[in-house]
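Here the structure is laid out as structure tokens; the discussion comes afterwards.
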Amino acid sequence: MSVTRFGVSLEKELLEALDNYAEENSFTNRSQAIRHLINNNIVLSKWQCNNLVAGSITLVFDHHKRDLLNQLTDVQHEYHSVILSSQHFHLEKDMCMEIIAVKGKASVLTELSDKLIAVKGIRHGKLTMSRAD
Ligand code: NI
């Protein structure tokens, strides 16, 4: 793939933030860091369509919340065709974490993740995706 060079003007604070980001993520130079950021933002948003992706949905919640587990199960059955497996971890006395492995169209996985995270009582929720084609 051919590479094009171009100049970028940045405020001092943004440049510092970029350098910190590069260092924290062990990028060897700014170009690599910028490439990664572009890929994660512009390219990822294009995935909101038909691309085949694989990933995981992480949910953290209090299992005592009324009806929460039932609702999580209902949503997962609705999307059974894109769910590979799920695992439940008892983090603390009340806190649970569930990690659901998924594979399918990015738009469908996003829809599933949004529904799960919207269930009342979910403390944190996050979907991560990688290309799978
Ligand atoms: Ni639990």
Side-chain angles (χ1 to χ4, degrees):
M1 200 182 295
S2 77
V3 174
T4 306
R5 293 179 66 94
F6 66 100
V8 180
S9 305
L10 283 182
E11 288 80 5
K12 190 166 167 272
E13 291 76 23
L14 266 185
L15 188 60
E16 278 174 15
L18 179 67
D19 286 341
N20 288 338
Y21 179 80
E23 198 182 317
E24 282 163 16
N25 291 280
S26 308
F27 293 125
T28 51
N29 55 50
R30 288 173 178 161
S31 292
Q32 211 179 27
I34 290 173
R35 211 175 289 133
H36 184 80
L37 286 169
I38 293 172
N39 199 40
N40 267 353
N41 288 279
I42 301 174
V43 180
L44 275 182
S45 64
K46 284 187 183 159
W47 287 7
Q48 301 294 336
C49 50
N50 292 326
N51 288 305
L52 182 68
V53 297
S56 62
I57 301 168
T58 304
L59 303 168
V60 175
F61 54 88
D62 178 342
H63 71 103
H64 289 123
K65 283 275 188 286
R66 202 182 155 81
D67 217 32
L68 184 145
L69 286 171
N70 278 335
Q71 286 188 56
L72 289 184
T73 305
D74 282 349
V75 176
Q76 291 187 62
H77 275 277
E78 197 185 324
Y79 286 85
H80 67 89
S81 60
V82 296
I83 294 177
L84 302 172
S85 77
S86 70
Q87 197 164 9
H88 185 106
F89 303 86
H90 309 301
L91 297 179
E92 286 171 35
K93 189 165 173 291
D94 299 322
M95 269 310 158
C96 300
M97 175 170 72
E98 206 151 299
I99 297 180
I100 304 163
V102 287
K103 182 185 166 193
K105 279 184 189 175
S107 56
V108 177
L109 301 188
T110 305
E111 194 182 282
L112 164 62
S113 168
D114 287 347
K115 282 192 186 181
L116 289 170
I117 293 167
V119 170
K120 203 162 179 259
I122 298 290
R123 291 269 191 102
H124 306 288
K126 192 170 171 60
L127 165 69
T128 57
M129 295 190 283
S130 302
R131 292 195 83 117
D133 54 4

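Side chains included, hydrogens not; waters and symmetry mates left out as well; all remaining heavy atoms used. Heads up: numbering here begins at 1 and tracks the sequence.
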Is there a path of hydrophobic side-chain contacts, each under 4.5 Å between heavy atoms of I, L, V, M, F, W or Y residues, that connects V119 with M95?
no
Taking I117 as the starting point, is it possible to reach Y79 by hopping between hydrophobic residues whose side chains are less than 4.5 Å apart?
yes
Is there side-chain contact between Q76 and I100, with at least one heavy-atom pair below 4.5 Å?
yes
Can you name the nearest heavy-atom pair linking E98 to H88, along with the distance?
OE1-ND1, 3.0 Å
Give the cluster check for L15 versus L37: same hydrophobic cluster or not, with ILVMFWY residues linked at side-chain heavy-atom distances below 4.5 Å.
yes
Beyond-backbone contact of K103 with L52, side-chain heavy atoms, under 4.5 angstrom:
yes
Please report the shortest heavy-atom distance between N51 and R131, naming the atom on each side.
OD1-NH2, 3.7 Å
What are the two closest non-hydrogen atoms of A33 and L18, and how far apart are they?
CB-CD1, 4.0 Å
Treat each ILVMFWY residue as a node, draw an edge where side-chain heavy atoms are under 4.5 Å apart, and state whether F61 and M97 are in one component.
no
Point-to-point distance, once rounded to the nearest 0.5 Å, from CG of L14 to OG of S9
11.5 Å
When rounded to the nearest 0.5 angstrom, what is the spacing between CZ in R123 and NZ in K65?
6.5 Å
What is the distance from atom CD1 of I57 to atom CG of D114, rounded to the nearest 0.5 Å?
9.0 Å
In terms of ring plane angle, is the pair Y21 and F27 parallel, tilted or perpendicular, where the classes change at 30° and 60°?
tilted
Any donor-acceptor pair under 3.5 Å from T73 side chain to L69 backbone
yes
Minimum-distance pair of heavy atoms, taken over all atoms of H80 and H77
CD2-O, 3.1 Å
What one should report as the nearest heavy-atom pair of L127 and S113 is CB-OG, 3.4 Å
Any heavy-atom pair between the side chains of I122 and L72 that's under 4.5 Å?
yes
Would you give the length of the straight line joining atom NZ of K93 to atom CG of D62, rounded to the nearest 0.5 angstrom?
9.5 Å
Should L116 and I99 be counted in the same cluster of Ile, Leu, Val, Met, Phe, Trp and Tyr side chains packed under 4.5 Å apart?
no
I'd like to check K120 versus L68 (side-chain heavy atoms, cut-off strictly below 4.5 Å). Are they in contact?
no
Full working for side chain to side chain contact (heavy atoms under 4.5 Å, CB included) between N25 and Q32
CA-CA 10 Å; N25 291 280; Q32 211 179 27; over 6 Å; no
